[in-house]
Amino acid sequence: MKIVICSDAAQTRRLAAQVLAQQVRSKPNSVLGLATGRTMEAIYAQLAEKAQNEALDFSDVTTFNLDEYIGLAANHPQSYRYYMQEHLFGLINISAENTHVPDGTAEDVKAEARSYENRIAQAGGIDLQLLGLGENGHIGFNEPLSALNSRTHVVTLAQATLRQNAGMFNNDMEQVPTRALTMGTGTILDAREALLVVTDAKKAEIIARVIEGPVSALVPGSALQLHPHCLVLLDAAAASRLTQREAIFWQMQHDPDLRALLSA
Ligand code: GLP
């Protein structure tokens, strides 16, 4: 893992948008893996701004989202398809047919999971996978104890996730769907590059387990320790529980890739 500790959340988001923009500039037909959640909103806003002001061109880009709630249609304001339309797709010049989000209303959700894996493979695999982190350590909707080599599948959401995401459902846990489709942890590990973005003190303990703890199904994000090209962007608050901060700052000062990212 390469880790960057930013001074604040704003710098974290700015660098994340920069990494995504750089990917699209260097490979205009990139296949991007995308994520949802509050952390991503400001990142997508910056990408949309770059599309407008810096002519960042998404016309050849293909995207695959990590996950979707089962039972929510594309026009449901809490569906991830709706979120993506609002926060990114509707603001950039991407072709609708190049954007993929698992279909949570599919009659046969298991068949939809298999077909999603096939579509990713047919697109040539994911070049760069953007990831957030659940407070319980989930990536996508791969909850604690799920297999670390899983492919796109149907999951039952953990109670912690229902609690964490209730904010988007009138603070009512009962309204949060209990099942979802998600890329598997194995699918995520297959992306050629991974970008994990974590901000806020409330994630300090879990990100320390992701980065410094043992690789364990109890903390699905810890599987990223096995990814050969994973960049982690943290704000100072999220990084506050890491024991290896000094080593991380040393690497930030001496790794040419990180220096280039930080000085751009
Ligand atoms: C949801 C998504 C995850 C995301 C998480 C983080 O649960 N399924 O992919 O990582 O939210 O959310 P937030 O950024 O709001 O903390």
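Whatever order the structure lists them in is the order used to number ligands and atoms, beginning at 1. Remember, predicted model here, so these are calculated numbers, not experimental data.
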Quiz item: Between the side chain of Q225 and the main-chain N/O of G213, is any donor-acceptor distance below 3.5 Å?
Solution: yes
Exercise. Provide, to 0.1 Å, the distance between atom 2 (C) of ligand 1 and the closest protein heavy atom, together with that atom's residue and name.
Key: Y80 OH, 3.7 Å
Exercise. Please work out whether the ring planes of F64 and Y116 are parallel, tilted or perpendicular, with thresholds of 30° and 60°.
Key: perpendicular
Quiz item: Of the protein's non-hydrogen atoms, which lies at the shortest distance from atom 10 (O) of ligand 1, and what is that distance?
Solution: G132 C, 3.1 Å
Practice problem: Flag the pair R209 / L218 as yes when at least one side-chain heavy-atom distance between them is below 4.5 Å, and no otherwise. | Solution: yes
Quiz item: Which residue and non-hydrogen atom of the protein lie closest to atom 15 (O) of ligand 1, and at what distance in Å?
Solution: R38 N, 2.8 Å
Exercise. Please answer whether the main-chain N or O of D172 pairs with a side-chain N or O of N170 as donor and acceptor at a distance below 3.5 Å.
Key: no
Exercise. Could you tell me whether K110 atom NZ has more than 12 heavy atoms of other residues or ligands within 6.0 Å of it?
Key: no
Quiz item: Is there a heavy atom of G140 sitting under 4.0 angstrom from any atom of ligand 1?
Solution: yes
Quiz item: What residue and atom, counting heavy atoms only, is the protein's closest point to atom 6 (C) of ligand 1, and at what distance?
Solution: L133 O, 3.7 Å
Quiz item: With backbone taken as N, CA, C and O and side chain as the heavy atoms from C-beta onward, which portion of T182 lies under 4.0 Å from ligand 1: side chain, backbone, both, or neither?
Solution: neither
Exercise. Could you establish whether Q164 and ligand 1 come within less than 4.0 Å of each other, counting only heavy atoms on the residue side?
Key: yes
Quiz item: Can you tell me the protein heavy atom closest to atom 8 (N) of ligand 1 and the distance?
Solution: D67 OD2, 2.8 Å
Quiz item: Among the heavy atoms of M40, does any lie under 4.0 Å from an atom of ligand 1?
Solution: no
Quiz item: Is the shortest side-chain N to carboxylate O distance from R151 to D190 below 4.0 Å?
Solution: yes
Quiz item: Taking distance alone, with no angle check, do T36 and ligand 1 share an N/O pair under 3.5 Å?
Solution: no
Quiz prompt | Flag if over 12 foreign heavy atoms under 6.0 Å of CD, E246 | solution = no
Quiz item: G37 heavy atoms, cut-off 4.0 Å: which ligand 1 atoms fall inside?
Solution: 12 (O), 14 (O), 15 (O)
Practice problem: Check the angle between the aromatic planes of H87 and Y83 and answer parallel, tilted or perpendicular using the 30° and 60° thresholds. | Solution: tilted
Quiz item: Quick one: nearest non-hydrogen protein atom to atom 5 (C) of ligand 1, plus distance?
Solution: H138 NE2, 3.8 Å
Quiz item: Where does K203 meet ligand 1, judged by heavy-atom distances below 4.0 Å: at the side chain, the backbone, both, or neither?
Solution: side chain
Quiz item: For atom CZ of R259, is the number of surrounding heavy atoms from other residues, nucleotides or ligands below 6.0 Å larger than 12?
Solution: no
Quiz item: When rounded to the nearest 0.5 angstrom, what distance separates CD1 in I207 from CG in L242?
Solution: 7.0 Å
Quiz item: Which bit of T39 is near ligand 1, meaning a heavy atom under 4.0 Å away: side chain, backbone, both or neither?
Solution: both
Quiz prompt | Nitrogen or oxygen of T161 less than 3.5 angstrom from that of ligand 1 | solution = no
